[in-house]
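Worksheet: one structure, shown below.
Only heavy atoms go into these numbers, but all of them, side chains included; no hydrogens, no water, no symmetry mates. This one's a predicted model, so the numbers in the text were calculated from it and none came from an experiment.
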Amino acid sequence: MLKNYVSYLKNDVNYSFIMFKPDAKGNPEIFDLVNKEMKKQSIELFFVYNCILDEEQVITLWENSCCSDFVLQRIVVEYLKNVEVIFWIVKGDNIYEKTKEIKMYIRGLYAQNWLKNALHTPDNHEEFIVSIAALADFESSVRNNKKNEYEQKYIDYLDDNKEELLAVVQSFILEGENWIFNRIEFPKCKYRLIIKRDCINRITHFMAMLHEIFPHYTIEKCLLLTEAIFEMGQYHIYESDSLLDVYDKKRKCIELHYSASILPKQRAV
């Protein structure tokens, strides 16, 4: 059905879609609330499209956001591939602004985390066209985002350890925020090496840095440290009773373009 409308939809900037993610599918309240918000915004439901996404379609739908990062791509793909999702093809004036407003409103009420956040909508008509073409199994426009040699080396390592990465990703998806907080360790040593959230631009690149300096760190620990920094604003990536040891690790972080600070272990009150 969708294939019959692709050319038509591509030529009209008043069309977009609202995608209901797997975590929204079983909640009729979300569908009812989206419908009410659409009526308020004078948005028309053109048709409903149910489908099971494959890996390439998932990557295409998020190619300019989370799927441009290798590790985040693996998380998103494992969450969304081979499960049924629902698309509402919708029409209205200023459709991208209006659907984004609805998306953010629903997420504010129902989002469990950055992955299980109920809805997805395209940001603009170009993204809509690429997404619709992918859903209709037309030629994909997945881009090969260039990585520097340092990050690519770590991606090759992850690719060589697919089973370990998959196990970590599946645990992360299944447990949600508990995956992080159940694994957080309180410092035991005298000095801690702290990284702040604003230092991290790319998840995979930061994990590559951790792997380079701490080759004994597992894939799970590298992802945990990264996610803990994002959730808590800052977190220690290393601790030692030797200040010289911690300074040495800080120097290596700086060489790899990550600023870090050293804090003493907080005393119990």
Could you go through Tyr258 and Phe206, starting from their C-alpha distance and side-chain angles, then the distance that decides it, and tell me whether this counts as ring pair (Phe, Tyr, Trp, His ring centres under 6.0 Å)?
CA-CA 8 Å; Tyr258 285 96; Phe206 184 70; 5.2 Å; yes
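- Heavy atoms of other residues, nucleotides or ligands lying less than 6.0 angstrom from NZ of Lys81 number more than 12.
- Between the Glu239 side chain and the Lys188 main chain, a donor and an acceptor come within less than 3.5 Å of each other.
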Please assess Leu165 against Arg74 for the test side chain to side chain contact (heavy atoms under 4.5 Å, CB included), listing each intermediate value before the final yes or no.
CA-CA 9 Å; Leu165 176 61; Arg74 293 298 89 201; 3.9 Å; yes
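- Looking only at distances, a side-chain donor or acceptor of Gln57 sits under 3.5 Å from a matching main-chain atom of Asp54.
- A perpendicular orientation is assigned to the rings of Phe47 and Tyr49, their planes being inclined by more than 60° (bins at 30° and 60°).
- Between Val58 and Cys67, the closest heavy-atom pair is O-SG, 4.0 Å.
- One finds the CD1 atom of Ile194 at 9.0 Å from the OH atom of Tyr235 (value rounded to the nearest 0.5 Å).
- The closest side-chain heavy-atom distance from Ile95 to Phe128 is not below 4.5 Å.
- If you check the side chains of Asp245 and Tyr191, you find no donor sitting under 3.5 Å from an acceptor.
- When all heavy atoms of Val77 and Glu55 are compared, the closest pair comes out as CG1-CG, 3.6 Å.
- Under the 4.5 Å side-chain heavy-atom criterion for ILVMFWY residues, no single connected hydrophobic cluster contains both Leu166 and Val76.
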With side chain to side chain contact (heavy atoms under 4.5 Å, CB included) as the criterion, how do Met207 and Leu223 come out once you've worked through the C-alpha distance, each side chain's angles and the decisive distance to 0.1 Å?
CA-CA 7 Å; Met207 290 176 65; Leu223 181 59; 3.9 Å; yes
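- Cluster annotation: Tyr96 and Met104 are assigned to distinct hydrophobic clusters (Ile/Leu/Val/Met/Phe/Trp/Tyr, side-chain heavy-atom contacts under 4.5 Å, transitive).
- Nearest heavy atom pair, residue Ile102 against residue Leu119, reads O-CD1, 4.4 Å.
- The aromatic rings of Phe17 and Phe87 sit perpendicular, their planes meeting at an angle over 60°, well past the 30° parallel limit.
- In terms of modelled atom types and a separation under 3.5 Å, the side chain of Asn14 and the main chain of Lys91 share no donor-acceptor contact.
- The heavy-atom pair separating Phe230 from Arg197 by the smallest distance is O-NH1, 2.6 Å.
- For the atom pair CG (Asn178) and CZ (Arg183), the distance works out to 9.5 Å, reported to the nearest 0.5 Å.
- Side-chain atoms of Asn117 come within 3.5 Å of backbone N or O of Trp114 as a donor-acceptor pair.
- Not one N or O on the side chain of Gln234 forms a donor-acceptor pair closer than 3.5 Å with the backbone of Lys196.
- The side-chain heavy atoms of Met232 and Ile184, taken from C-beta on, include a pair separated by under 4.5 Å.
- Other residues, nucleotides and ligands contribute more than 12 heavy atoms inside 6.0 Å of the CG atom of Leu109.
- A continuous path of Ile, Leu, Val, Met, Phe, Trp and Tyr side chains, each step under 4.5 Å between heavy atoms, connects Tyr157 with Ile213, placing both in one hydrophobic cluster.
- Both Leu193 and Tyr217 are part of a single hydrophobic cluster, where members link through side-chain heavy atoms under 4.5 Å apart.
- The minimum heavy-atom distance linking Glu44 with Met38 is given by the pair C-CE, 4.2 Å.
- Using bins of under 30°, 30° to 60° and over 60° for the plane-to-plane angle, the ring pair Phe214/His216 lands in the perpendicular bin.
- Within the 4.5 Å cutoff, no side-chain heavy atoms of Cys222 are placed close to those of Val71.
- When hydrophobic clusters are built by joining Ile, Leu, Val, Met, Phe, Trp and Tyr residues whose side-chain heavy atoms come closer than 4.5 Å, directly or via intermediates, Leu33 is grouped together with Ile30.
- For the atom pair CG of Leu210 and OH of Tyr238, the computed distance is 13.0 Å after rounding to the nearest 0.5 Å.
- No side-chain heavy atom of Glu151 sits less than 4.5 Å from a side-chain heavy atom of Phe70.
- The backbone N or O of Leu72 sits less than 3.5 Å from a side-chain atom of Asp69, completing a donor-acceptor pair.
- Under the 4.5 Å side-chain criterion, counting only non-hydrogen atoms from C-beta, Val83 is not in contact with Ile52.
- The shortest distance between side-chain heavy atoms of Ile155 and Gln152 falls below 4.5 Å.
- Heavy-atom minimum distance, Glu63 versus Ser68: O-CB, 3.5 Å.
- Interatomic distance, CG of Leu80 versus CG of Leu115, reported as 6.5 Å (0.5 Å rounding).
- In this structure, the side chains of Leu61 and Leu135 come closer than 4.5 Å at one or more pairs of heavy atoms.
- Using a cutoff of 4.0 Å between basic side-chain nitrogens and carboxylate oxygens, Lys40 and Glu101 are not scored as salt-bridged.
- Residues Glu212 and Lys153 form a side-chain contact, since some pair of their non-hydrogen atoms from C-beta on lies under 4.5 Å apart.
- Under 4.0 Å is where a charged nitrogen must lie from a carboxylate oxygen, and between Arg251 and Asp248 at least one such pair does.
- Annotation: side chain to side chain contact (heavy atoms under 4.5 Å, CB included) contacts of Asp23 (sequence neighbours excluded): Lys21, Tyr79, Gln112, Lys116, Ala118.
- With rounding to the nearest 0.5 angstrom, the CG atom of Leu158 is 8.0 Å from the NE2 atom of His211.
- From Ile132, atom CD1 reaches atom OG1 of Thr60 across 12.5 Å, with rounding to the nearest 0.5 Å.
- A distance below 6.0 Å separates the ring centres of Tyr150 and His205.
- Relative ring orientation between Phe172 and Trp179 is described as perpendicular, the plane-to-plane angle rising above 60° on a 0-90° scale split at 30° and 60°.
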